[in-house]
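To start, the structure itself, in structure tokens.
The chain is numbered in sequence order, starting from 1. In listed order, ligands and their atoms are each counted from 1.
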Amino acid sequence: MSERNGTETLLRLDHVTVRFGETVALDDVSLSLRRGETCVIQGAAGSGKTTLMKTALGLIKPDEGHVYLFGVDTLTARETELNELRSHMGILFQEGGLFDSMTIEENVGYPLVNMKSLKCPPGEVLARVQQALDFVELGHTLEKVPSELSGGMRRRVGIARAVVTRPSLLLYDSPTAGLDPITANTIMALIAKERDTRGTATALATHRYQDGFLLANYRYNAHTERLEDAGGKNLHTMFIVLGEGRIVFEGTQQELETSPDPYVSKFAKPLKE
Ligand SMILES: Nc1ncnc2c1ncn2[C@@H]1O[C@H](COP(=O)(O)OP(=O)(O)OP(=O)(O)O)[C@@H](O)[C@H]1O
Ligand SMILES: [Mg+2]
């Protein structure tokens, strides 16, 4: 916990291997994400993006290697300490992960009510939920259930639930998958807005090069309430490409775009939509 302040490493995977039977889902993966950084993870279907996210969150235990959260080795940490560390992370799951039988209010409030280490006073839950839903411009949906919302709206509810705890590290697993281009851009704008208003470290798994490009090149301006071109600054964004569980590329957007590797260069082109 000593590293909680400053420009510390919030997440570090150190030679992590994850196997499912014969399948090597992650193969000797090492990466680190510091405060103020964005990590864009691309790779073919089945290359390990979701496994990487779930391993970072502690839902999957590595067969080899170590995962450090906020500088603490999750392999040796006690359960109470792990829960405390996880309460500083937010995740948007690829499958959405909303509870169908709960209202939107209950879904978004779920982490506040259930993560005991947050110690959120019951009287504050509704105001925090309202604030998180206002952030994604769905403040009017408290009483609805997920099935009453569109796919894009459900994704926005998922973002509200991920940010409601005000985490310092956010993981987004394929937030734009299956959405039309306009809705996808709305989702990405929210992700940039969260990053740039709160300074959250962001890891994004995606199929769309456009998503990483947006995070690397656009910054949310709280005064104009718009995304603006960051002028080629690259915004501390690194790109990773996974292939069959291995990191086959790690570098800047420019390095990705000039990679001679045909598998890697596929991920440096905007998807046709
Ligand atoms: N719970 C599991 N049990 C068995 N195999 C799994 C499990 N989860 C993932 N795998 C396997 O691990 C590999 C990596 O899967 P993963 O879901 O991480 O890929 P992905 O990059 O997220 O794919 P997509 O782009 O389709 O979301 C695949 O071969 C997958 O079949
Ligand atoms: Mg996936």
Side-chain angles (χ1 to χ4, degrees), residues 11-33 38-67 69 74 86 89-98 151-152 154-159 161-162 169-181 183-185 187-188 190-191 202-215 237-251 256 259 261-273:
L11 168 67
R12 185 155 78 91
L13 270 62
D14 183 28
H15 297 288
V16 165
T17 293
V18 171
R19 296 187 195 91
F20 297 109
E22 298 284 289
T23 308
V24 185
L26 289 182
D27 189 357
D28 196 26
V29 166
S30 295
L31 63 87
S32 57
L33 186 62
T38 301
C39 178
V40 178
I41 302 152
Q42 292 178 273
S47 60
K49 303 180 295 296
T50 294
T51 306
L52 193 159
M53 295 266 166
K54 289 187 172 170
T55 307
L57 193 67
L59 293 177
I60 296 173
K61 290 257 172 289
D63 293 293
E64 286 165 40
H66 292 260
V67 178
L69 287 179
T74 57
R86 282 186 200 131
M89 301 172 79
I91 185 159
L92 176 69
F93 288 104
Q94 183 165 7
E95 325 81 62
L98 298 181
R154 283 200 293 274
R155 218 53 79 77
R156 278 150 64 193
V157 172
I159 292 178
R161 189 177 59 178
L169 171 61
L170 267 162
L171 312 176
Y172 298 97
D173 192 356
S174 310
T176 60
L179 299 179
D180 65 83
T183 310
N185 286 340
I187 296 291
M188 287 312 302
L190 286 173
I191 290 173
T202 303
L204 168 85
T206 183
H207 293 89
R208 294 168 87 235
Y209 176 62
Q210 291 95 314
D211 296 347
F213 183 88
L214 184 143
L215 290 184
T237 305
M238 65 171 163
F239 289 75
I240 281 176
V241 178
L242 290 173
E244 297 179 354
R246 294 188 78 86
I247 293 184
V248 292
F249 171 86
E250 187 173 7
L256 177 65
S259 169
D261 181 326
Y263 174 77
V264 172
S265 66
K266 274 199 300 200
F267 298 102
K269 293 185 190 76
L271 270 187
K272 294 221 169 50
E273 288 165 326

(request) Could you confirm whether T50 has any N/O/S atom lying under 2.8 Å from the Mg ion (ligand 2)? (result)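 For T50, the answer is yes, given that an N, O or S atom comes within less than 2.8 Å of the Mg ion (ligand 2).
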(request) Check whether any N, O or S atom of S174, backbone or side chain, sits closer than 2.8 Å to the Mg ion (ligand 2). (result) no
(message) Can you name the atoms of ligand 1, numbered from 1 with element, that are less than 4.0 Å from a heavy atom of A45?
(response)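 So the atoms of ligand 1 that pass are 23 (O), 24 (P), 25 (O), 26 (O).
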Could you tell me whether the side chain of [X] and the main chain of [Y] form a donor-acceptor pair under 3.5 Å?
X: R155; Y: A177; value: yes
X: S259; Y: L256; value: no
X: D211; Y: T206; value: no
X: Y263; Y: G43; value: no
X: Y209; Y: Q42; value: no
X: R12; Y: S32; value: no
X: T51; Y: L26; value: no
X: R86; Y: L57; value: yes

Protein heavy-atom partner closest to [atom] - residue, atom, separation in Å:
atom: atom 12 (O) of ligand 1; result: A25 CB, 3.4 Å
atom: atom 18 (O) of ligand 1; result: T51 OG1, 2.6 Å
atom: atom 23 (O) of ligand 1; result: G46 N, 2.8 Å
atom: atom 25 (O) of ligand 1; result: K49 NZ, 2.7 Å
atom: atom 29 (O) of ligand 1; result: T23 CG2, 3.5 Å
atom: atom 9 (C) of ligand 1; result: F20 CE1, 3.5 Å
atom: atom 17 (O) of ligand 1; result: T50 CB, 3.7 Å

(request) For ligand 1, note which part of A205 has a heavy atom under 4.0 Å away: side chain, backbone, both or neither. (result)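 The answer is neither; A205 stays 4.0 Å or more away.
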(message) If you define the side chain from C-beta out and look only at heavy atoms, does anything of L171 sit under 4.5 Å from M89?
(response)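 When only atoms from C-beta onward are counted, M89 and L171 do touch, with a gap below 4.5 Å.
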(request) Consider ligand 1: state whether an atom of it lies below 4.0 angstrom from any non-hydrogen atom of S47. (result)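 Right, S47 reaches ligand 1.
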(request) Please state whether A44 comes within less than 4.0 angstrom of ligand 1, counting heavy atoms only. (result) yes
(message) Does ligand 1 come near enough to H207 that some N or O of the ligand is less than 3.5 Å from an N or O of the residue?
(response) yes
(request) Using distance alone, decide if ligand 1 has a nitrogen or oxygen within less than 3.5 Å of any nitrogen or oxygen in G48. (result)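 Yes - when backbone and side-chain N and O of G48 are compared with those of ligand 1, one distance drops under 3.5 Å.
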